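See structure below.
Residue indices begin at 1 and follow the sequence shown. Just so we're clear, the structure is a prediction, and the values are computed from it rather than from any experiment.
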Amino acid sequence: FLGPSTWTFPGWEGLVYPRGIAREDLLERGLTHASRYPLFRTVGIDRSHYAPLEEGELRRYAEELPPGYPCVIKAWNAVTTLEDRSGNESPAFLDERLLEQRVLLPLARAFADHVGALVFQLAPISARSLPHPEAFAERLDAFLGALPTAFPYAVELRNRELLTPSYLAVLSRHRVSHVLNLWERMPSLGKQLALPGALTAPFVVCRLSIPPGQRYEERKARFAPFDKIVSADEAMRADVAALARACLLARKTLYLTVNNKVEGSSPLTIRALIARIVEGR
């Protein structure tokens, strides 16, 4: 299931959206258009990362989607951020009760038919606050063990130091996906895929955000309005094709979302990835 990491981009007019679409229509019905675009079989929901979505908002999203259409939705970052603004540990970090009340219950009531995966995108942790990898794995184990099993969960790291065999073993024990991510300070997709036991669940989440060593704002300024491929990443495309083959052989479902900052236009990147995957099969 391939799709964009989010969907409201006027530059996609003529690619995803009808020509002449008004900005008001894009804001009100952009998800409807995106979910009906033939190459998008999933859509990422990022807004939920910055504040929990209320039931009314989730219900409106659900009304825009075809029945059973799966989304890759981010959990509220209050639960996935270790350091508060003062650099101290936040009491909300990996708080399963807060997560259940503010995130899981609204999803269960209004969006349960559309949760392909709920992603815990852990915020980058500074060197002074970075926990020992074994201690982190133990804490993550306790958090995941306390969660209800109603939804498929996935964990995305932003510190490569925490990507250890113990971490992967914890995810495997709870049938939670490690998010293979293309991000500025993480190993490449190929290196993550090569780790023993990297595919930790019956499903796999892959999120392509920004190539290693690059910076978000620079790519945004360079690639806007996201209507064409500016910088094709052949190594990334080869890694995605290898991941798709691995999931096919292991009979695992793959959810893959693509940001415009990867190559310049996520719809065109998705088209190229589909061609590469089909060619590989």
Side-chain angles (χ1 to χ4, degrees), residues 3-8 30-31 42-65 69-126 129-131 136 139-159 162 167 170-171 174-179 181 183 186 201 203 205-210 216 255 257 259:
S5 58
T6 186
W7 64 85
T8 310
L31 182 56
T42 187
V43 172
I45 297 179
D46 280 1
R47 279 190 57 222
S48 52
H49 180 67
Y50 305 103
L53 299 181
E54 303 297 333
E55 286 184 40
E57 296 175 285
L58 291 167
R59 195 164 286 110
R60 285 193 294 273
Y61 280 162
E63 290 170 353
E64 291 192 63
L65 296 169
Y69 189 94
C71 295
V72 177
I73 184 167
K74 289 185 183 179
W76 184 24
N77 64 3
V79 181
T80 60
T81 301
L82 186 145
E83 296 170 289
D84 63 18
R85 293 182 179 180
S86 302
N88 300 314
E89 181 169 327
S90 167
F93 182 61
L94 298 186
D95 184 334
E96 69 276 3
R97 291 170 294 182
L98 180 64
L99 178 78
E100 184 167 3
Q101 290 297 319
R102 299 300 305 276
V103 177
L104 301 184
L105 287 176
L107 284 174
R109 291 167 179 158
F111 206 71
D113 192 40
H114 300 287
V115 181
L118 179 63
V119 174
F120 303 119
Q121 179 189 296
L122 301 185
I125 305 171
S126 67
S129 300
L130 190 67
F136 168 75
R139 187 165 183 180
L140 184 64
D141 189 23
F143 170 71
L144 296 175
L147 296 183
T149 58
F151 295 118
Y153 302 115
V155 175
E156 178 172 353
L157 297 177
R158 293 292 175 92
N159 289 84
L162 302 179
Y167 157 79
V170 165
L171 297 191
H174 295 285
R175 298 169 67 85
V176 170
S177 174
H178 164 63
V179 176
N181 58 342
W183 191 69
M186 286 294 288
F203 65 99
V205 177
C206 177
R207 296 185 65 255
L208 309 181
S209 299
I210 185 170
Y216 183 91
Y255 296 102
T257 61
N259 193 292

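Under the salt bridge (charged side-chain N to carboxylate O under 4.0 Å, His left out) criterion, the residue pairs touching residues 70-86 are Asp46-Lys74, with sequence neighbours excluded. Listed by first then second residue, pairs satisfying salt bridge (charged side-chain N to carboxylate O under 4.0 Å, His left out) with a partner in residues 108-117 read Glu55-Arg109, not counting sequence neighbours. For the side-chain hydrogen bond (donor to acceptor under 3.5 Å, both in side chains) condition, the pairs that include at least one residue of residues 86-101, sequence neighbours left out, are Glu89-Arg139.
Partners of Arg102 under the side-chain hydrogen bond (donor to acceptor under 3.5 Å, both in side chains) rule, at least two apart in sequence or in another chain, do not exist in this structure. With sequence neighbours left out, the ring-ring contact (aromatic ring centres under 6.0 Å, His included) criterion links Phe120 to Phe143, Tyr153. A search for side chain to side chain contact (heavy atoms under 4.5 Å, CB included) contacts involving Asp141 returns Val170, Arg173, His174, not counting sequence neighbours. Residues meeting the ring-ring contact (aromatic ring centres under 6.0 Å, His included) test with Phe111, sequence neighbours left out: His114. In this structure Arg47 satisfies the salt bridge (Lys or Arg N to Asp or Glu O under 4.0 Å) test together with Glu57, sequence neighbours excluded. Thr81 meets the side chain to side chain contact (heavy atoms under 4.5 Å, CB included) test with Asn77, Ala123; sequence neighbours excluded. Take Phe93 and apply the ring-ring contact (aromatic ring centres under 6.0 Å, His included) test, not counting sequence neighbours, and it matches no residue. For Glu64, the salt bridge (Lys or Arg N to Asp or Glu O under 4.0 Å) criterion is met by no residue, not counting sequence neighbours. Residues forming a ring-ring contact (aromatic ring centres under 6.0 Å, His included) with Tyr69 (at least two apart in sequence, or on another chain): none.
The shortest side-chain heavy-atom distance between Trp76 and Val103 falls under the 4.5 Å cut-off. In this structure, Leu157 and Asn181 have side chains that are not in contact, with every pair of non-hydrogen atoms separated by 4.5 Å or more. Inter-residue side-chain proximity for Pro70 and Phe203 is flagged as unmet; no heavy-atom pair is nearer than 4.5 Å.
When each of Val72, Ile73, Leu31 is tested with Val43 by the rule side chain to side chain contact (heavy atoms under 4.5 Å, CB included), just one qualifies, namely Leu31.
The 12-atom threshold is exceeded at CZ of Arg59, counting heavy atoms of other residues, nucleotides or ligands nearer than 6.0 Å.
Thr42 places no side-chain N or O within donor-acceptor distance of the main-chain N or O of Gly3, the cut-off being under 3.5 Å.
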